[in-house]
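Source: prediction; values computed, not measured.
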2 protein chains.
Amino acid sequence: MNFKQLEYFAAVAEAKSISGAARELHVAQPPVSRQLALLEDELGVTLFLRTNKGVELTEAGQCLYQHSRQMFQSLRTMADSVRDVDAGVRGQLKLGIIYSDVQIATSLMQEYHERYPQVELYVRMGSPGDLLDDLSRGELHVLFLRSQSERSYGLRERVLGEDPLELVMRAETDPAPGQAAVPIRALRDVPMCLLRSDDLWGYSRDLTDECRRAGFTPNVACHCYDTPMEMQMVQAGFGVGFLPKSIVEAHPGSPVYTKPVLEFAAKSYPILVWEDDPYQSGCVKRFLELAAERT
Amino acid sequence: MNFKQLEYFAAVAEAKSISGAARELHVAQPPVSRQLALLEDELGVTLFLRTNKGVELTEAGQCLYQHSRQMFQSLRTMADSVRDVDAGVRGQLKLGIIYSDVQIATSLMQEYHERYPQVELYVRMGSPGDLLDDLSRGELHVLFLRSQSERSYGLRERVLGEDPLELVMRAETDPAPGQAAVPIRALRDVPMCLLRSDDLWGYSRDLTDECRRAGFTPNVACHCYDTPMEMQMVQAGFGVGFLPKSIVEAHPGSPVYTKPVLEFAAKSYPILVWEDDPYQSGCVKRFLELAAERT
DNA sequence: AAGCGCCATACTATTTTTATATGGCAATTA
DNA sequence: TAATTGCCATATAAAAATAGTATGGCGCTT
């Protein structure tokens, strides 16, 4: 059986006539007659009763006709949905997001979802290392990370914006109360909660280097494994933190606030990271296009 | 697009290799490569990424693969169900039944349904004339009627059994109390409820003819249009009826009982009636076969 | 560098499908 | 009653689609 036979069959069923169907199909009558006979042979079933003035469906023929209509419907939806997936209108998009990028990521995802509502979005949060592993295994398509000027990921990147790195504190732990910015020397001996320095993408390295240049070793009271933990420690009054300003802004009710370091205007850059694949899925392409529009 | 292309596509998707699929399909490699290219052209979509050691599905390809599996499934069920309909295992069977045949009809239908549970049964009750009209219009397939020796229906028939025609009465209207059978002369002047005599299939004609032969005109107190009505009238004490014995036996709680007419052993024959169509639907064929087995 | 396995392409051979011509059949019309 | 018409089926020739053969490029292994 093939589509042509089904197509001819359906046309004959609708025209109630072989020659009529042939006219509709713009082919001669014998081919239609022949394909019909082949179909009947293959199924081992009489599909039409041949009458004087045409043909009419048997019960088995009616059954086949109903199924054939469904079949053509499925065929159309199949082709459409394959094209949609190819165009990126439909499909799956799997994103990895580090804690610091949740704000910018959700906003971009929201806009993307409005534009491509049929795409299923998958997101996971995690450390940059874990996310990069998943990216290389193909389990994630695009990551929201922060750029590291010293290192390249060996991947495609796009900077989404910038975010000043500032000290984070409660009033009780403020090293320079009453001042809008904290001079670096004010940090001497101040207990600090920083991202663990062996984390390749920590923000802490910049600050500790700066302290050493200022002639002292910072008092790192607590090494945190991730930014939410660091926020918690600072909020608990454990010490002063050093984080992108936007993270603190995302905690409006918190007793924590930020101040820049007077002599050191460090910045962090939210970036998108993806693998450079010429056969990138349509969803990924569309998502990257949208990100490009927004920057 | 045609089934061959889909079939090749699915084989390639499963083998993750064009040449591997070609081996599975027992064809050379170039045809598979070519049909795949045609399919991709027609959809305007890249379905596979060609790698060093084979091919792998793109997202659009995965989408097509899932749909294609469904499609093959539908194809199989379509062929199966068409064959089932043809064989009479599936489909519709529309029966017409006169009141007197309800007992025998339901019993036959029950057995039929056990054997062919997938067939949808439609039944209607009515007068023989109405049912025959529906039969000729093709709205019913098989009728349960009673045979008329004088008339032929011009249709195929099968006798299902026999059923003595007897007088029906209450104790109050019994023309021959204490006797097992009623002599014909005892019916003189007895009020009777009979099927209307102009009904071609009424049982009454036999009895009224017999009365006239016995020298009197029967006292037909009420002409009934159908057997249930006649039963009601007899049950209400309006008079004596004349009906197939089985009808009364089907009313076990009723105060009505039957007695044969002494000199007149009339019988009624339940029959199946259908049109002689060589392209009879499978369900009808199977039903008639079952009826043949039972007689 | 040679060999191997993969896919793509060019070309030929085969199979399938189509179109043309024709015949049987039943119903309508002259 | 004979002729015509419209229907479907069949036989044959033409056209199209499909398969097979030969070959080349490419990346990987040996």
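- For the pair A:Gln5 CD and C:dT17 C1', the computed distance is 11 Å after rounding to whole Å.
- With sequence neighbours excluded, the residues forming a side-chain hydrogen bond (donor to acceptor under 3.5 Å, both in side chains) with A:Asp130 are A:Ser127, listed by chain and number.
- The side chain of A:Lys4 contributes an N or O atom lying less than 4.0 Å from OP1 or OP2 of C:dT18.
- Nearest heavy-atom pair, B:Ala28 versus B:Pro31, reported as atom, atom and distance to 0.1 Å: O-CD, 3.3 Å.
- We find that A:Arg83 and A:Asp86 are not joined by a salt bridge, their nearest charged nitrogen and carboxylate oxygen being 4.0 Å or further apart.
- For B:Glu14 and B:Arg69, the salt-bridge test passes: some basic side-chain N is under 4.0 Å from an acidic carboxylate O.
- Rounded to an integer number of Å, the gap from CG of A:Leu39 to C1' of C:dT17 is 15 Å.
- B:Leu6 places a side-chain heavy atom less than 4.5 Å from the side chain of B:Phe72.
- Ion pairing of B:Glu293 with B:Arg115 is present here, as a side-chain N (NZ or NE/NH1/NH2) and a carboxylate O approach within less than 4.0 Å.
- Rounded to whole Å, atom C1' of C:dT18 lies 13 Å from atom CG of A:Leu38.
- At the heavy-atom level, B:Thr51 lies nowhere under 4.0 Å from the strands shown.
- The CD atom of B:Gln5 lies 9.5 Å from the CZ atom of A:Phe3; values are rounded to the nearest 0.5 Å.
- Interatomic distance, OG of A:Ser147 versus CZ of A:Arg158, reported as 14.0 Å (0.5 Å rounding).
- Judged by distance alone, the side chain of B:Ser74 and the main-chain N or O of B:Gln70 form a donor-acceptor pair under 3.5 Å.
- Taking CD of B:Gln92 as the reference point, atom NE2 of B:His141 lies at 7.5 Å (rounded to 0.5 Å).
- Both key distances under 3.5 Å define a Watson-Crick or G-U pair, and stretches of 3 or more such consecutive pairs in DNA chain D run C:1-30 with D:1-30.
- Using a 4.0 Å heavy-atom cutoff across all strands shown, A:Tyr8 reaches sugar-phosphate atoms only and no base atom.
- Electrostatic pairing of B:Glu111 and B:Arg294 counts as a salt bridge here, judged by a charged N lying under 4.0 Å from a carboxylate O.
- Separation of the B:Phe9 and B:Phe48 ring centroids falls under the 6.0 Å cut-off.
- Scanning both residues, A:Gly126 and A:Leu131, for their nearest heavy atoms gives O-CD1, 3.8 Å.
- Of the residues near DNA chain C, A:Val32 and B:Val55, the one whose nearest nucleotide (by heavy atom distance) lies more toward the 5' end is B:Val55.
- Nearest heavy atoms, A:Cys283 versus A:Gly91: SG-CA, 3.8 Å.
- Salt bridge status for B:Glu289 with B:Arg286: present, with a side-chain N to carboxylate O gap under 4.0 Å.
- For DNA chain C, the neighbouring residues in residues 20-27 of chain A, judged by any heavy atom under 4.0 Å, are A:Val27.
- Inspection of the B:Ser281 and A:Glu59 side chains reveals an N or O donor paired with an N or O acceptor under 3.5 Å.
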List, with names and distances, any nitrogen or oxygen atoms from the protein found under 3.5 Å away from nitrogen or oxygen atoms belonging to nucleotides 8-12 of chain C.
| from | atom 1 | to | atom 2 | distance (Å) |
| --- | --- | --- | --- | --- |
| C:dA8 | OP1 | B:Arg50 | NE | 2.5 |
| C:dA8 | OP1 | B:Arg50 | NH2 | 3.2 |
| C:dA8 | OP2 | B:Ser33 | OG | 2.6 |
| C:dA8 | N7 | B:Gln29 | NE2 | 3.1 |
| C:dA8 | N6 | B:Gln29 | OE1 | 3.2 |

Please tabulate, one pair per line, each protein N/O and nucleotide N/O from nucleotides 26-30 of chain C that are separated by under 3.5 Å, including the distance.
| from | atom 1 | to | atom 2 | distance (Å) |
| --- | --- | --- | --- | --- |
| C:dA26 | O3' | A:Asn52 | ND2 | 3.3 |
| C:dA27 | OP1 | A:Asn52 | ND2 | 3.0 |

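- Dashed line: the shortest gap from a side-chain N or O of A:Asn2 to OP1 or OP2 of C:dT17 is under 4.0 Å.
- Taking every nucleotide of DNA chain D with any atom under 4.0 Å from a non-hydrogen atom of chain B, the first and last of them, 5' to 3', are D:dT18 to D:dC28.
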